[in-house]
There are 2 protein chains.
Amino acid sequence: MSIKKEITIYDLAKELNYSPSTISRALNDHKSISKKTVQRIKNAAEEMGYRPNTLAAGLRNNKSKTIGISISRINRPFMSSLISGIEEAARNAGYNVIISQSDDKYKNELSNTKALYDSRISGLIVSLSMETSDYKHFNQFIDQGIPVVFVDRVPASLNSYKVVIDNYSAGYSATKHLIEQGCKRIAHFAGAQHRNVYEERKKGYVDALKEHGLPVEKELIKYFKTLSFEEGRKTTAKLMALPNPPDGIFSANDTAAVSAIIYAKSMGIKVPEDLAIIGFNDDPISSIVDPALSTVSHPAAKMGEISAKRILEHSRANYDKTISEVTILNTELIIRDSSNRAKALLKSKKSRQPKT
Amino acid sequence: MSIKKEITIYDLAKELNYSPSTISRALNDHKSISKKTVQRIKNAAEEMGYRPNTLAAGLRNNKSKTIGISISRINRPFMSSLISGIEEAARNAGYNVIISQSDDKYKNELSNTKALYDSRISGLIVSLSMETSDYKHFNQFIDQGIPVVFVDRVPASLNSYKVVIDNYSAGYSATKHLIEQGCKRIAHFAGAQHRNVYEERKKGYVDALKEHGLPVEKELIKYFKTLSFEEGRKTTAKLMALPNPPDGIFSANDTAAVSAIIYAKSMGIKVPEDLAIIGFNDDPISSIVDPALSTVSHPAAKMGEISAKRILEHSRANYDKTISEVTILNTELIIRDSSNRAKALLKSKKSRQPKT
DNA sequence: TTGTACGCGTTATCAC
DNA sequence: GTGATAACGCGTACAA
């Protein structure tokens with residue numbers, strides 16, 4: 001089977017006895033073309049099966065209607081929701097979305113951003129890889145007036161768009177909540193401290209302790225590499241083996257928190273009575289684990305949508321200088337059973353008989 | 001700040017006293033250029049900050065090194081792993097990946113595939129929307145010799161590449177497993193029957209019952225709209241209120257199965273003793289729910305990787321006709337506690353005292 | 001091994 | 001309101 005010839009604006013021009021320029025303008029709703037002509041041309045285009053070549057248009061404009069994304073990995077709940085939000089906003093505006101995964105490696109982030117640059121994207125949305133500490137690879141975009149939006153995991157220094165949540169307040173609230181539940185020794189599962197999100201969550205934790213007259217104890221702050229399930233289990237085991245074990249845990253993500261719940265249950269440690277636990281992100285697993293995990297909900301899709309809109313607005317406004325604009329979104333403390341001591345107390349009173 | 005001028009092959013040509021064609025060839029490792037020259041040119045390109053313009057190259061070749069994806073939604077575990085697999089394979093081969101979500105609407109799938117076509121993608125990977133029953137929108141690709149790979153949710157008729165799992169066998173095995181656990185009345189949570197995956201899973205279920213001498217009862221086969229958590233809860237409630245309720249459930253996805261577990265627990269129905277449950281997909285929640293959900297694991301990332309490779313191979317081989325090639329991947333039955341009656345029996349013997 | 005010349009499909013500019 | 005022309009950056013047939 002041979003390949004069908006594609007229809008171009010020249011074919012339309014010949015067919016309708018117009019010049020290619022007129023066709024082009026009509027197709028783009030240029031105001032200088034009469035409504036009638038526009039309709040006639042669009043109808044013919046539809047009928048003849050014309051499809052625009054965005055490559056050609058992009059070459060001509062030195063810009064493709066495309067948003068590039070660089071993230072760690074797609075298959076994590078927060079990330080896939082973020083992308084989903086970006087994609088939806090972008091597509092509504094007629095933009096495509098190119099994704100790339102760094103797998104938390106600086107090297108990959110570097111080559112991915114280069115590849116995205118080569119596609120002449122209209123804007124870049126980045127959630128930094130765990131390893132990244134040098135930001136020079138974003139200059140190529142900024143030098144070309146291409147907006148870069150950092151989302152969630154953002155650099156401290158660089159002037160650019162940023163879309164984040166208030167990690168400090170969230171960490172503070174989560175910890176305060178545990179204190180209100182009567183916890184006196186609250187441990188913290190901390191992420192890599194050179195990434196803003198983890199650093200700020202920890203700061204919130206520390207300040208909440210201090211402001212409520214609780215000591216900040218080094219042995220209760222555990223630094224994780226990846227906040228994985230496995231790491232969570234091991235760390236919980238160590239903590240609970242302490243002479244004076246914690247009675248509460250604030251974990252910087254849900255995976256490690258869920259792992260703590262499961263470990264505690266396996267050891268006969270009552271959650272939340274003996275150990276109250278709160279996580280971060282509101283991943284699907286957090287409402288499935290038993291007892292359900294209290295957590296901080298992260299408006300992932302919304303963050304994606306806003307990031308995309310920053311780029312779309314930027315293109316429209318044609319900003320001529322590097323600007324710094326930070327958008328801070330609200331989080332929500334979600335109290336479930338893993339930290340709700342009042343409810344647990346009520347329950348245990350009601351059912352004296354064991355419930356299996 | 002003004003925008004920096006971009007370096008083109010012309011700039012390199014001028015700088016090195018070569019013609020643009022030599023530069024172009026050297027950059028593409030054309031064999032007619034001496035190794036030394038290639039090195040010299042590549043070095044200079046690197047040094048001068050040259051970045052290829054893939055738009056121009058794509059226009060010239062009438063093909064961009066890009067793989068397009070059309071799926072229902074990104075933020076579902078199976079889909080995000082699928083995309084992750086595609087992205088990884090594509091990027092290793094120097095291809096970009098454009099994603100689009102149909103949100104299970106035919107209308108969106110239609111406009112998304114058009115947009116992808118306009119980008120002159122090298123190939124399209126599709127998991128059909130729930131609504132799609134007409135496949136004409138894929139002809140534009142096939143007519144142009146652009147490979148279309150259907151993955152997981154595939155059309156019955158169309159000749160094209162397909163990457164699937166053996167849903168029939170998986171459904172059969174899952175059901176057989178429940179039978180082996182002693183279940184006599186096994187219910188099935190079925191998905192929309194016009195999508196191959198759900199139809200085949202159900203067939204496997206039906207045949208397993210028949211071949212083991214169990215009756216196939218209409219009242220035990222429940223057709224779901226979306227296999228959601230909420231639907232799962234309601235349906236389980238109805239089933240368990242039957243005069244003769246089921247003692248096993250094979251659910252076509254994990255979400256509904258987990259929901260069944262949680263509902264059963266809330267009603268004091270013992271899982272797996274009174275009700276054995278098995279799901280499909282091996283989503284993260286399935287290993288977190290208590291008792292952990294038995295399920296069928298779906299090699300999502302692998303399916304993505306293979307789909308991408310089909311396209312890359314196709315481009316290389318330059319197939320000149322529409323071919324039909326189906327790849328069938330193995331699934332794995334994962335037995336956890338929700339269906340493991342032997343283990344449950346053992347446990348209840350051991351611990352006479354309540355363990356809360 | 002390298003250079004010349006052209007065209008891919010579109011759109012911006014200038015002219016009428 | 002419409003047309004002619006050039007240019008975007010690259011790859012390749014043909015020539016040398």
Side-chain angles (χ1 to χ4, degrees), chain A residues 3-42 44-45 48-66 94 117-122 144 318, chain B residues 3-42 44-45 48-66 94 117-122 144 315:
Chain A
I3 285 171
K4 266 193 203 166
K5 197 188 160 309
E6 297 194 64
I7 309 292
T8 71
I9 54 173
Y10 287 95
D11 300 318
L12 289 174
K14 211 169 287 174
E15 186 71 22
L16 298 175
N17 276 317
Y18 275 116
S19 76
S21 340
T22 302
I23 305 291
S24 171
R25 287 190 270 245
L27 258 17
N28 290 303
D29 289 311
H30 196 287
K31 58 191 168 190
S32 74
I33 310 289
S34 72
K35 296 250 189 297
K36 232 193 293 179
T37 315
V38 168
Q39 247 335 300
R40 212 158 82 80
I41 291 179
K42 284 193 174 175
M48 293 174 65
Y50 167 79
R51 289 273 84 212
N53 186 324
T54 60
L55 261 31
L59 172 60
R60 178 60 234 241
N61 299 327
N62 194 31
K63 184 141 296 180
S64 68
K65 288 186 134 196
T66 301
Y117 180 85
D118 297 348
S119 293
R120 300 304 187 266
I121 54 175
S122 300
Q144 296 293 330
N318 221 341
Chain B
I3 285 171
K4 269 193 202 163
K5 197 188 162 308
E6 296 194 64
I7 310 291
T8 71
I9 54 172
Y10 290 96
D11 300 318
L12 288 175
K14 210 168 288 173
E15 186 70 20
L16 298 175
N17 276 319
Y18 276 115
S19 75
S21 45
T22 303
I23 305 290
S24 170
R25 287 189 269 245
L27 259 17
N28 291 304
D29 289 309
H30 195 287
K31 57 189 168 191
S32 73
I33 310 288
S34 74
K35 296 247 190 296
K36 231 193 295 179
T37 316
V38 168
Q39 246 336 300
R40 211 157 84 77
I41 291 179
K42 282 193 176 176
M48 294 175 64
Y50 168 78
R51 289 272 86 212
N53 185 325
T54 60
L55 262 31
L59 172 61
R60 182 59 235 249
N61 300 325
N62 195 30
K63 185 143 296 179
S64 69
K65 288 188 135 196
T66 302
Y117 180 86
D118 297 348
S119 293
R120 300 305 186 264
I121 55 176
S122 301
Q144 295 294 329
S315 303

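All chains are named by letter (A, B, ...) in the order of the sequence lines, taking the proteins before the strands, and each is independently numbered beginning at 1.
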Please confirm whether any donor atom in the side chain of A:Arg60 sits under 3.5 Å from an acceptor in the base of C:dT11, or the reverse. yes
In the structure I gave you, are the side-chain heavy atoms of A:Tyr18 and A:Arg40 within less than 4.5 Å of one another anywhere? yes
Measure the distance from CZ on B:Arg40 to C1' on C:dT1 and round it to the nearest whole Å. 14 Å
A:Leu27 CG - C:dG9 P separation (whole Å): 15 Å
Between A:Ser24 and A:Ser21, is there a side-chain donor-acceptor contact under 3.5 Å, judged purely by atom types and distance? no
Heavy-atom distance under 4.5 Å between the side chains of A:Tyr50 and A:Ile9, does that happen here? yes
Value for CZ (A:Arg25) from OG1 (A:Thr37), rounded to nearest 0.5 Å, stands at 11.5 Å
In residues 50-59 of chain A, what residues come within less than 4.0 Å of DNA chain C, judged by heavy atoms? A:Tyr50, A:Pro52, A:Asn53, A:Ala56, A:Ala57
I need the residues from residues 5-13 of chain A with at least one non-hydrogen atom less than 4.0 Å from DNA chain C; give them sorted by number, or say none. A:Thr8, A:Ile9, A:Tyr10
For A:Thr8 and A:Lys14, run side chain to side chain contact (heavy atoms under 4.5 Å, CB included): C-alpha distance rounded to whole Å, both residues' side-chain angles, the deciding distance at 0.1 Å, then the answer. CA-CA 10 Å; A:Thr8 71; A:Lys14 211 169 287 174; over 6 Å; no
Closest non-hydrogen atom pair between A:Ile33 and A:Val38, with its separation: CG2-CG2, 3.7 Å
Shortest non-hydrogen contact from B:Pro20 toward B:Ala13: N-CB, 3.7 Å
Closest non-hydrogen atom pair, A:Asp11 against A:Ile7: OD2-CA, 3.4 Å
So, for A:Ser122 and A:Ser64, which heavy atoms are closest and what is the spacing to 0.1 Å? OG-O, 2.6 Å
On a heavy-atom basis, the closest approach of B:Ala26 and B:Ile41 is CB-CD1, 3.5 Å
Under a 4.0 Å heavy-atom criterion, DNA chain D is touched by chain A from D:dG1 to D:dG9
Give the rounded distance in Å between these two atoms: NZ of A:Lys31 and C1' of C:dA12. 14 Å
Listed partners of B:Arg120 passing salt bridge (charged side-chain N to carboxylate O under 4.0 Å, His left out), at least two apart: A:Glu6
Let me test you: for the helix from C:dT1-D:dA16 to C:dC16-D:dG1, what is the angle between the axes at its two ends (five pairs each), rounded to 10 degrees? 30°
Gap separating the OG1 atom of A:Thr54 from the CG atom of B:Leu59, nearest 0.5 angstrom: 10.0 Å
Are there more than 12 heavy atoms of other residues, nucleotides or ligands under 6.0 Å from atom NZ of A:Lys5? yes
Would you list the protein and nucleotides 2-4 of chain C atom pairs, both N or O, that sit under 3.5 Å from each other?
from: C:dT2; atom 1: OP1; to: B:Thr37; atom 2: OG1; distance (Å): 3.4
from: C:dG3; atom 1: OP2; to: B:Ser19; atom 2: N; distance (Å): 2.8
from: C:dG3; atom 1: OP2; to: B:Ser19; atom 2: OG; distance (Å): 3.2
from: C:dG3; atom 1: OP2; to: B:Thr22; atom 2: OG1; distance (Å): 2.5
from: C:dG3; atom 1: N7; to: B:Arg25; atom 2: NH2; distance (Å): 2.6
from: C:dG3; atom 1: O6; to: B:Arg25; atom 2: NH1; distance (Å): 3.1
from: C:dG3; atom 1: O6; to: B:Arg25; atom 2: NH2; distance (Å): 2.9
from: C:dT4; atom 1: O4; to: B:Ser21; atom 2: OG; distance (Å): 3.3

Within the 4.5 Å heavy-atom criterion, are A:Asp29 and A:Lys42 side-chain neighbours or not? yes
Do the side chains of B:Leu27 and B:Leu12 get nearer than 4.5 Å, heavy atoms only? yes
